[in-house]
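Numbered from 1 within each chain, the chains take letters A, B, ... in sequence-line order.
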Number of protein chains: 2
Amino acid sequence: MPFANLLKNIQKHVNLNAEEEAYLLSLFSEKAVDKKEMLLHEGQPCHYFYFVYKGALRSYCLDKQGKESTIMFALQNWWITDMFCFLNDKPAIMFIEALQDSVVLQIHKKSLDNLLLKYPKFEKWFRVLMQNAYTREQLRVIDNLTLSAEEKYDKFLAKYPLIVNEITQKQLASYLGITPEFLSVIRKNKL
Amino acid sequence: MPFANLLKNIQKHVNLNAEEEAYLLSLFSEKAVDKKEMLLHEGQPCHYFYFVYKGALRSYCLDKQGKESTIMFALQNWWITDMFCFLNDKPAIMFIEALQDSVVLQIHKKSLDNLLLKYPKFEKWFRVLMQNAYTREQLRVIDNLTLSAEEKYDKFLAKYPLIVNEITQKQLASYLGITPEFLSVIRKNKL
DNA sequence: GTTATTTATTAATCTACCTTAATTTTTTTT
DNA sequence: AAAAAAAATTAAGGTAGATTAATAAATAAC
């Protein structure tokens, strides 16, 4: 019942009657993504906003030297997209890949626009999502400015204990902004 | 006419009738802040969201070693607060200080909550503010992960040419996450 | 307009983290 | 289950940027 989780997630913020609920769900479609498959590729249009029903995803971008930087990880019940490009109809600057065999529920940008126009009560839901995303990113900026590599690692473990099991050390290092070699040293020093 | 700018800013996103406009404006009050005066102090309740009518502000936080990290600068027509603490009614983790003699228009958290309840059309305005703030912070995270100190400096100049005139080198360095000494070297190398 | 404070400059030394590269372990593919 | 590919470990050497400290310049306070 993939849609039950989605509904529960949205109903945290908005009370829905049967009609609204039906309309909302009609806008989402289910999509399976195999491990290592790309849900979004840099340069492509980013038309969808994804709800993770099952599995784990990662978004990242590449700099000119080909170095990966992980933007975020998304486990079950998280939302993910290249938000800037999604909102502004720009070609993606990120990749989104499945870390495990996953199932997402996707909504098209146009459908989301229609939803917000037709039923403005969904504005609140999206507003709260954006609030949380903003304050989370701001916290991350502060951590990047003030913490050492080891402190960032410790904080990540404390904050996202479930993510660590789903990802490689290389991916974690690229989230923290350090090399996998150095993360290996940090981990060794803990033992 | 401090409120004209404020109205124009909000009306970019929401069409208002006379009643809504009057109610909105009734929630804001004007406040002058002298240069170097603190609008918010770490540990204090953060009850207000500020619109900069005139002048320039800066938010920053202090780590345990007393090192400053600038979170953001806000010039005319920008909004500023310690958003996480404002939204969640937590004691502030930031300071907000006036860089110049300034005038802000402030709205209390409770007033904003009431506004959004009474006139849900303002949800869209706040949603777009949060969207923009989120994608801006995400860009900053990516820049922090991928750029050298000099590249971050160049990008800041290109993106915020007006801010540079209002701030000290020390403040800019603390935004970029480098020491003022090193920023001095970077600047010298440009000549 | 002097004095006191803060900010900026410069240079020497230092260090957290990177780079490279070789080896081992784990995962994936067939 | 063998072979191939990817990830993790370890260590030597290197560098971007920090730290310290002393001097100069600019702001602010009186």
Could you go through residues 87-98 of chain A and list every donor-acceptor pair under 3.5 Å that involves a side-chain atom there, pairing it with any protein atom two or more places apart or in another chain?
from: Asn88(A); atom 1: ND2; to: Phe84(A); atom 2: O; distance (Å): 2.7
from: Glu97(A); atom 1: OE2; to: Arg58(A); atom 2: NE; distance (Å): 2.8
from: Glu97(A); atom 1: OE2; to: Arg58(A); atom 2: NH2; distance (Å): 3.0

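- In terms of the side chain to side chain donor-acceptor pair (under 3.5 Å) criterion, residue partners of Arg187(A) (sequence neighbours excluded) are, by chain and number, Tyr153(A), Gln169(A).
- A side-chain N or O of Tyr134(A) and one of Gln138(A) form a donor-acceptor pair less than 3.5 Å apart.
- Among pairs with a residue in residues 154-166 of chain B, those fulfilling salt bridge (Lys or Arg N to Asp or Glu O under 4.0 Å) read Asp143(B)-Lys155(B), Asp154(B)-Lys190(B), at least two apart in sequence or across chains.
- Within the structure, the salt bridge (Lys or Arg N to Asp or Glu O under 4.0 Å) test picks out the following pairs touching residues 18-27 of chain B (sequence neighbours left out): Glu20(B)-Lys121(B).
- If you measure from atom CG of Asn189(A) to atom P of dC17(C), you get 12 Å, rounded to the nearest angstrom.
- A heavy-atom distance below 4.0 Å to DNA chain D is reached by none of the residues of residues 56-65 of chain B.
- Shown here are the side chain to side chain donor-acceptor pair (under 3.5 Å) partners of Tyr23(B), two or more places apart in sequence or in another chain: there are none.
- Phe122(A) approaches Ile10(A) most closely through the heavy-atom pair CE2-CG2, 4.0 Å.
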Would you give me the side-chain donor-acceptor pairs under 3.5 Å for residues 37-45 of chain B, sequence neighbours excluded?
from: Glu37(B); atom 1: OE1; to: Asp34(B); atom 2: N; distance (Å): 2.8
from: Gln44(B); atom 1: OE1; to: His41(B); atom 2: N; distance (Å): 3.0

| field | Protein proximity profile, nucleotides 16-30 of chain D - base contact B, sugar-phosphate-only contact S, no contact -, cut-off 4.0 Å on heavy atoms | value | -BSBBB------S--

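- Grouped by direct or indirect side-chain proximity (heavy atoms under 4.5 Å, Ile/Leu/Val/Met/Phe/Trp/Tyr only), Leu147(B) sits alone.
- In Asn15(B), the CG atom is not crowded: 12 or fewer heavy atoms of neighbouring residues, nucleotides or ligands sit closer than 6.0 Å.
- For DNA chain D, the neighbouring residues in residues 160-174 of chain A, judged by any heavy atom under 4.0 Å, are Thr168(A), Gln169(A), Lys170(A).
- Aromatic ring pairs are classed by plane angle as parallel below 30°, tilted from 30° to 60° and perpendicular above 60°; the pair Trp79(A) and Phe49(A) is parallel.
- Overall bending of the helix from dG1(C)-dC30(D) to dT30(C)-dA1(D), expressed as the angle between end axes built from five pairs apiece, is 70° (10° steps).
- Residues forming a salt bridge (Lys or Arg N to Asp or Glu O under 4.0 Å) with Arg127(B) (at least two apart in sequence, or on another chain): Glu123(A).
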